[in-house]
Trainee: 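Below you will find the structure I want to go over with you.
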Amino acid sequence: MIDIERIRSETPGCKHVLHFNSAGSSLMPAPVFDALQRVLRDENEVGGYEAERRAQEDIQAFNTEFAGLLNADPSEIAYIENATRAWDMVFYGLNLKAGDRVITHESEYASNYLAFLQQSRRLGFEIDLVPSDASGQIDVEALDGMIGPRTKLIAITHVPTQGGLVNPAAEVGKIAKKHGVLYLLDACQSVGQLHVDVAEIGCDMLSGTGRKFLRGPRGTGFLYVRKEILDQIDPPFVDLHSATWTEKNGYELADGARRFQNWESYVAGRVGLMEAVRYARAVGVPQIEDRVTTLAQGLRDELSTVNGVSVHDLGLRKSGIVTFTKDGIESKAIADSLRNQGINVSVAPVTGARLDFEARNLPAMIRASVHYFNTQDEIARFVDAVKAIY
C-alpha cells in the first residue's frame with residue numbers, strides 16, 4: 001500500500017493545484033527538489049566544476065538507479081538532456097539505406113514520425129505502418145506478417161501521448177527477436193507509471209524523460225541501449241566525453257551507452273532525476289502502476305456519465321492518460337476554464353499524432369493524466385468542474 005498522506009505531504013504542489021497533467025510534467029516530490037537545490041547551491045557558492053565533484057556519488061548512482069528501475073546493466077544507461085534527443089541519438093545513428101523498411105504504428109508521436117520523414121527523404125528508406133487490431137493497439141499478428149528481408153527497424157511508442165492506450169511492447173519484442181530486427185521503444189510516457197523491464201520487453205533501445213511520470217526535473221532524459229547492439233549504431237555526433245581522440249586522425253568511442261552522452265550537461269538535473277528514480281523505486285513501481293491504473297479507470301468511468309462528454313481512449317490495456325472531448329466546446333476553452341479553477345490538464349493537438357487523429361476523425365482533445373499522488377476526491381472535483389463547463 002502507498003502511504004498517500006505521506007506522499008502528498010512530500011509533494012508541495014498538491015496544496016496549490018489539482019494536477020492532472022503528469023503526462024505533460026508532473027509535480028516533483030520534495031527530495032527531488034532538495035537534490036536539485038543542493039547542487040545549484042554548491043554551484044553558486046563554489047563553482048560548477050567543484051559542485052560536480054561534490055556530487056560524484058549521486059552522479060554515479062544515476063546509472064545504477066536506472067539499471068535497477070529498467071532491469072538493465074549500468075553500462076547500458078546514458079543521461080541525455082531530453083527524451084526526444086535520446087531517441088534521436090540512436091535513430092539517427094542507425095545505418096539505414098535506400099530500399100530499407102522501417103515499421104511503426106499510426107499512434108506514433110509527432111517528433112518521431114517527423115524524424116522518419118526527414119531521414120526517409122535523405123536516405124531513401126520506406127516507412128511501413130502496422131495496422132491496429134479491434135482494440136486500437138498494434139496488431140501483433142499483422143506485424144509478424146509485414147516483416148521482410150529489407151525490414152531493419154521496428155520503432156513504436158509504448159504509451160502514446162494522445163490517449164490511454166498501452167501498446168503490447170513485449171509481444172512486439174518477441175516478433176522483433178524472431179526476425180532479428182532492431183527494436184526502438186519510446187517509453188516517454190510509460191517509465192514512472194508502469195513497470196518497464198527491458199529484458200522482458202525485448203527492446204534494443206529505449207528512450208524516456210524525467211519530467212513526466214518519473215516526477216523529475218525538466219530538461220532531463222535517459223537512454224537505454226542493449227550492449228550487444230552498440231556497434232550497430234554510429235552516434236550522430238561525438239565529443240571528448242563520448243569519444244577519445246587517440247591520434248591525429250583517429251578516435252575511439254567510449255564504452256557502453258556513454259558514447260551517446262555529452263560532456264556538458266545539467267548536473268543538478270541529472271542528480272534530481274536520479275533522486276526521482278530512487279524515490280519511485282522506494283514507493284514501489286508495481287504499487288504505482290496499480291494505483292495509477294485504478295484512478296485513471298475511475299476517471300474514465302465518471303467522465304463517461306457526463307452529458308456531452310466522449311472518452312476516446314483505446315487499447316486492451318490502459319494507462320494513466322485519459323482523453324476526452326465535450327460536445328460544442330473546444331478543448332482549449334475547457335482547459336482554460338479548468339486552469340482558472342486551479343486544475344491542470346493539457347490539450348492533445350492533432351499535430352501531436354496526426355495519423356491517429358485523422359484515422360479516428362478526432363479534434364484536439366483534453367488530456368487528463370493522473371498519478372499515484374492524486375485522490376478519489378480530486379476525481380470527483382474534476383468531474384464536477386467538467387460538468388459545469390458550457
Side-chain angles (χ1 to χ4, degrees), residues 8 11 13-27 106-111 136 157 159-166 188-189 193 209 211-213 215 218 291-315 318-390:
R8 287 178 67 84
T11 308
C14 288
K15 300 174 183 176
H16 309 292
V17 294
L18 191 167
H19 195 74
F20 279 9
N21 197 19
S22 286
S25 187
S26 195
L27 299 177
E106 65 183 13
S107 65
E108 193 64 14
Y109 182 54
S111 289
T157 295
V159 174
T161 186
Q162 71 278 8
L165 168 68
V166 180
C188 191
Q189 296 286 10
Q193 67 157 317
T209 186
R211 75 177 192 271
K212 297 181 185 286
F213 289 96
R215 307 182 63 197
R218 294 196 68 176
R291 182 169 175 83
V292 169
T293 302
T294 301
L295 286 170
Q297 191 55 49
L299 178 57
R300 286 187 197 96
D301 292 343
E302 290 299 317
L303 285 170
S304 296
T305 68
V306 178
N307 187 41
V309 168
S310 298
V311 176
H312 298 289
D313 298 325
L314 302 175
K318 296 181 177 65
S319 73
I321 299 175
V322 180
T323 52
F324 66 93
T325 54
K326 190 169 185 181
D327 292 347
I329 310 174
E330 289 188 358
S331 291
K332 182 181 183 304
I334 295 173
D336 289 343
S337 176
L338 293 173
R339 192 172 298 108
N340 289 336
Q341 301 173 63
I343 301 173
N344 295 339
V345 295
S346 283
V347 175
V350 174
T351 52
R354 182 171 291 281
L355 298 179
D356 183 30
F357 276 84
E358 290 184 355
R360 293 196 278 159
N361 194 29
L362 289 173
M365 300 182 290
I366 293 293
R367 185 183 69 184
S369 46
V370 300
H371 214 338
Y372 62 95
F373 55 75
N374 292 126
T375 66
Q376 295 290 347
D377 287 344
E378 287 182 321
I379 288 176
R381 179 186 162 196
F382 182 86
V383 173
D384 284 344
V386 172
K387 286 180 182 178
I389 297 173
Y390 291 100

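Side chains are part of it too, since the values below use all heavy atoms of this structure and drop only hydrogens, waters and symmetry mates. Every value quoted in this text rests on a predicted model; they were computed, and no experiment measured them.
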Trainee: Do Ile366 and Val347 have side-chain heavy atoms sitting under 4.5 Å apart?
Mentor: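 A side-chain contact under 4.5 Å exists here.
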
Trainee: Are Val350 and Leu362 close enough that some pair of their side-chain heavy atoms sits under 4.5 Å apart?
Mentor: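 With C-beta onward as the side chain, the pair stays apart.
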
Trainee: Quick check: closest heavy atoms across Arg218 and Ser25, and the distance to 0.1 Å?
Mentor: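 The answer is CG-OG, 3.9 Å.
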
Trainee: In the structure I gave you, are the side-chain heavy atoms of Thr11 and His19 within less than 4.5 Å of one another anywhere?
Mentor: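 They are not in side-chain contact.
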
Trainee: Do Arg367 and Asn21 pass the side-chain contact (heavy atoms from CB on, under 4.5 Å) test, and can you show the C-alpha distance, the side-chain angles, and the key distance before you say yes or no?
Mentor: CA-CA 8 Å; Arg367 185 183 69 184; Asn21 197 19; 4.0 Å; yes

Trainee: Going through the distances and angles, do Asp356 and Ser107 end up as a side chain to side chain donor-acceptor pair (under 3.5 Å)?
Mentor: CA-CA 5 Å; Asp356 183 30; Ser107 65; over 6 Å; no

Trainee: Could you check if a side-chain atom of Thr293 sits within less than 4.5 angstrom of a side-chain atom of Gln193, using non-hydrogen atoms only?
Mentor: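 No, side chains not in contact.
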
Trainee: Could you give the distance from CD (Gln376) to CD (Glu302), rounded to the nearest 0.5 Å?
Mentor: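 Here the interatomic distance stands at 8.5 Å.
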
Trainee: Using the ring pair (Phe, Tyr, Trp, His ring centres under 6.0 Å) rule, collect all pairs that involve residues 327-349, keeping only residues at least two apart or in two chains.
Mentor: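 Applying ring pair (Phe, Tyr, Trp, His ring centres under 6.0 Å) to every pair that reaches into residues 327-349, excluding sequence neighbours, yields nothing.
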
Trainee: For His371, which residues count as a ring pair (Phe, Tyr, Trp, His ring centres under 6.0 Å) partner, sequence neighbours excluded?
Mentor: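 With sequence neighbours excluded, His371 shows a ring pair (Phe, Tyr, Trp, His ring centres under 6.0 Å) to Phe213, Phe373, given in chain and number order.
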
Trainee: Can you name the one residue among Gln297, Arg300, Lys318 that meets side-chain hydrogen bond (donor to acceptor under 3.5 Å, both in side chains) with Asp313?
Mentor: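 Result: among Gln297, Arg300, Lys318, Arg300 is the only option passing the side-chain hydrogen bond (donor to acceptor under 3.5 Å, both in side chains) with Asp313.
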
Trainee: In Å and rounded to the nearest 0.5 Å, what is the CD1 to CE distance from Ile334 to Met365?
Mentor: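 Result: 12.0 Å between the selected atoms.
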
Trainee: Mind checking the CZ-SG spacing from Arg211 to Cys188? Nearest 0.5 Å is all I need.
Mentor: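 SG of Cys188 is found 6.0 Å from CZ of Arg211.
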
Trainee: Around atom CD of Gln341, are there more than 12 heavy atoms of other residues, nucleotides or ligands at under 6.0 Å?
Mentor: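 Yes, enclosed.
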
Trainee: Would you indicate whether the side-chain heavy atoms of His312 and Thr325 approach each other to under 4.5 Å?
Mentor: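 A side-chain contact under 4.5 Å exists here.
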
Trainee: Is the side chain of Gln162 donor-acceptor paired with the backbone N or O of Pro349 at a distance under 3.5 Å, no angle test?
Mentor: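 No; zero donor-acceptor contacts below 3.5 Å.
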
Trainee: Answer whether the closest heavy-atom distance between the side chains of Leu338 and Ile389 falls below 4.5 Å.
Mentor: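 Touching, per the 4.5 Å side-chain cut-off.
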
Trainee: Within the side chain of Ser337, is there an N or O that forms a donor-acceptor pair under 3.5 Å with the backbone of Ala333?
Mentor: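 Checked: no pair found.
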
Trainee: Determine the minimum heavy-atom distance between Ile321 and Pro160, stating which atoms define it.
Mentor: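 The answer is CD1-O, 3.8 Å.
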
Trainee: Would you please test Arg381 and Asp377 for salt bridge (charged side-chain N to carboxylate O under 4.0 Å, His left out) and show each step?
Mentor: CA-CA 6 Å; Arg381 179 186 162 196; Asp377 287 344; over 6 Å; no

Trainee: Specify the closest pair of heavy atoms between Ser26 and Arg215, including all atoms of both residues, with the distance to one decimal.
Mentor: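 Heavy atoms only, the tightest pair is OG-CG, 3.6 Å.
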
Trainee: Heavy-atom count check: over 12 atoms from other residues, nucleotides or ligands less than 6.0 Å from Asn340 CG?
Mentor: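 Atom CG in Asn340 is packed in, count exceeds 12.
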
Trainee: Name all residues meeting the ring pair (Phe, Tyr, Trp, His ring centres under 6.0 Å) criterion together with Phe20; count only those two or more places apart in sequence or in a different chain, and write none if there are none.
Mentor: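 Applying ring pair (Phe, Tyr, Trp, His ring centres under 6.0 Å) to Phe20 gives Phe382.
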
Trainee: Please check this pair: side chain of Lys326 against backbone of Val386, looking for a donor-acceptor N/O pair closer than 3.5 Å.
Mentor: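 It does hold such a pair.
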
Trainee: Under the side-chain hydrogen bond (donor to acceptor under 3.5 Å, both in side chains) test, which residues partner Ser331, sequence neighbours left out?
Mentor: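 With sequence neighbours excluded, Ser331 shows a side-chain hydrogen bond (donor to acceptor under 3.5 Å, both in side chains) to no residue whatsoever.
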
Trainee: Using modelled atom types and a 3.5 Å cut-off, is there a donor and acceptor pairing between side-chain atoms of Arg291 and backbone atoms of Tyr372?
Mentor: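 Side chain of Arg291 to backbone of Tyr372, a donor-acceptor pair under 3.5 Å: yes, one is there.
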
Trainee: Val159 and Ser319: which non-hydrogen atoms are nearest, and at how many Å?
Mentor: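 Where Val159 meets Ser319 most closely, the heavy atoms are CG1-OG, 3.6 Å.
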
Trainee: State, to 0.1 Å, how close Thr161 and Gly352 come at their nearest heavy-atom pair, and which atoms those are.
Mentor: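 In terms of heavy atoms, the two residues are closest at CG2-O, 4.4 Å.
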
Trainee: Sequence neighbours excluded, which residues qualify as salt bridge (Lys or Arg N to Asp or Glu O under 4.0 Å) partners of Asp384?
Mentor: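 Checked Asp384 against salt bridge (Lys or Arg N to Asp or Glu O under 4.0 Å); zero matches.
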
Trainee: In the structure I gave you, are the side-chain heavy atoms of Val370 and Val322 within less than 4.5 Å of one another anywhere?
Mentor: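 Sidechains of Val322 and Val370: no contact.
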
Trainee: Of all the heavy-atom pairs spanning Asn374 and Leu295, show the shortest one and how long it is.
Mentor: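 Heavy-atom minimum between the residues: O-CD1, 3.6 Å.
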
Trainee: Assess whether side chain to side chain donor-acceptor pair (under 3.5 Å) is satisfied between Thr375 and Arg8, documenting all intermediate values.
Mentor: CA-CA 10 Å; Thr375 66; Arg8 287 178 67 84; 4.6 Å; no

Trainee: Would you please name every residue forming a ring pair (Phe, Tyr, Trp, His ring centres under 6.0 Å) with Phe324, sequence neighbours left out?
Mentor: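 Per chain and number, Phe324 pairs via ring pair (Phe, Tyr, Trp, His ring centres under 6.0 Å) with no residue.
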
